[in-house]
Undergrad: 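Let me give you the structure first, and then I'll get to my questions.
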Amino acid sequence: MVSTDRVLAFALMSLLVIVIPGPSVLFVIGRALAYGRRTALATVLGSVLGSYVLVVAVALGVGTLVERSVAVFMAVKLAGAAYLVYLGVQAFRHRKELKMGAEAAPGQPARGDVRTVLDGVVVGMTNPKAIVFFAAVLPQFADHSAGGLPVQMLLLGLVPIGIGLVTDTLWGLGAAAARTWFARSERRLSLIGGAGGFAMIGLGVTVAATGRAE
């Protein structure tokens, strides 16, 4: 099994990487601003599930292939970027409906919970920062002499997933709290919904434009 020293070292490395806001964090903030707290929390859940899919892929050897193949890596990255832009456009298009939706069904999210979680899963799975981190860093902390590498990596992968769950939730709750003030005015809420949409579109363009070093 994985030693405590390796777990702690990997936790520190994960924290240093996660505290720098990446695509997943910015996506959660955008969804919180556009739709509110419940959608933000569902997005966080989907994002961490998608990230753990990457951990499973690395444990099975698939992640290394994606990280090393320029064509495959670019395809995954562009697919994620395109999906972010699509979600941003949808949020911007429906920004004026946010107030009406909140009045018609208090406490209900603008999007279904399952769909929101699935959106987060897609973004988590296609996050270039996560792909590189799990493919290049995770295997280095497994004890190759102890055997059972897939199991070791699956267990180690829970460390950044747990850290990400906490930090992304805090980001989402903070952004949703700011949105509450805007919700007192239909015009302000429309503006913040549009800002959330633009944030997701900008994030998608940024992900598409950045290179393999991200």
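For reference, positions follow the sequence shown, starting with 1. Excluded from the calculations below are hydrogen atoms, water molecules and symmetry mates; all remaining heavy atoms, backbone and side chain alike, are included.
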Undergrad: Should Leu149 and Leu156 be counted in the same cluster of Ile, Leu, Val, Met, Phe, Trp and Tyr side chains packed under 4.5 Å apart?
TA: yes

Undergrad: Parallel, tilted or perpendicular: which fits the ring planes of Phe10 and Phe141, with parallel below 30° and perpendicular above 60°?
TA: tilted

Undergrad: List the steps and the verdict of side chain to side chain contact (heavy atoms under 4.5 Å, CB included) for Leu8 and Leu12.
TA: CA-CA 6 Å; Leu8 292 177; Leu12 178 60; over 6 Å; no

Undergrad: Treating Ile, Leu, Val, Met, Phe, Trp and Tyr as nodes and any side-chain heavy-atom pair under 4.5 angstrom as an edge, say whether Leu158 and Ile131 lie in one connected cluster.
TA: yes

Undergrad: Would you say the side chain of Phe27 lies within less than 4.5 Å of the side chain of Thr43, judging by non-hydrogen atoms?
TA: yes

Undergrad: Can a donor-acceptor pair be found, under 3.5 Å and without considering hydrogens, that links the side chain of Tyr52 to the backbone of Ser47?
TA: no

Undergrad: Any side-chain heavy atom of Leu173 sitting closer than 4.5 Å to one from Leu41?
TA: yes

Undergrad: CZ of Arg38 to CG of Asp113: how many Å apart, nearest 0.5 Å?
TA: 4.0 Å

Undergrad: Could you walk me through whether Phe134 and Met153 pass side chain to side chain contact (heavy atoms under 4.5 Å, CB included), step by step?
TA: CA-CA 9 Å; Phe134 288 126; Met153 286 190 280; over 6 Å; no

Undergrad: Quick one, Met125 with Leu49, criterion side chain to side chain contact (heavy atoms under 4.5 Å, CB included). Give me CA distance, side-chain angles, the key distance, then yes/no.
TA: CA-CA 8 Å; Met125 288 176 56; Leu49 290 175; over 6 Å; no

Undergrad: Pick one: which of Leu154, Val53, Leu138 meets side-chain contact (heavy atoms from CB on, under 4.5 Å) with Val58?
TA: Leu138

Undergrad: What are the two closest heavy atoms between Ile163 and Ala11, and how far apart are they?
TA: CD1-O, 3.7 Å

Undergrad: Going hydrophobic residue to hydrophobic residue with side-chain gaps under 4.5 angstrom, can you get from Leu45 over to Leu170?
TA: no

Undergrad: Mind checking whether Leu118 and Val48 sit in one hydrophobic cluster, side chains of I, L, V, M, F, W, Y counted as touching below 4.5 Å?
TA: no

Undergrad: Can you tell if the side chain of Val56 reaches within under 4.5 Å of the side chain of Leu60, non-hydrogen atoms only?
TA: yes

Undergrad: Ala32 and Ala175: which non-hydrogen atoms are nearest, and at how many Å?
TA: CB-CB, 3.6 Å

Undergrad: So, do Asn127 and Ser51 sit near enough that their side-chain heavy atoms are less than 4.5 Å apart?
TA: no

Undergrad: For a quick test of reading the model, state the closest non-hydrogen atom pair linking Ala130 to Leu54 and the distance between them.
TA: CB-CD1, 3.6 Å

Undergrad: Report yes or no: do Val28 and Val166 belong to one cluster of Ile/Leu/Val/Met/Phe/Trp/Tyr joined by side chain heavy-atom distances under 4.5 Å?
TA: no

Undergrad: What closest approach, in Å, do Gly164 and Ile18 show between heavy atoms, and which atom pair accounts for it?
TA: N-CD1, 3.9 Å

Undergrad: Work out which heavy atom in Val44 is nearest to a heavy atom in Asp168; give both atom names and the distance.
TA: CG2-O, 3.7 Å

Undergrad: Grab the two heavy atoms, one from Val55 and one from Gly157, that are nearest each other, plus how far apart they are.
TA: CG1-CA, 3.8 Å

Undergrad: Within a radius of less than 6.0 Å around CZ of Arg37, do more than 12 heavy atoms belonging to other residues, nucleotides or ligands occur?
TA: no

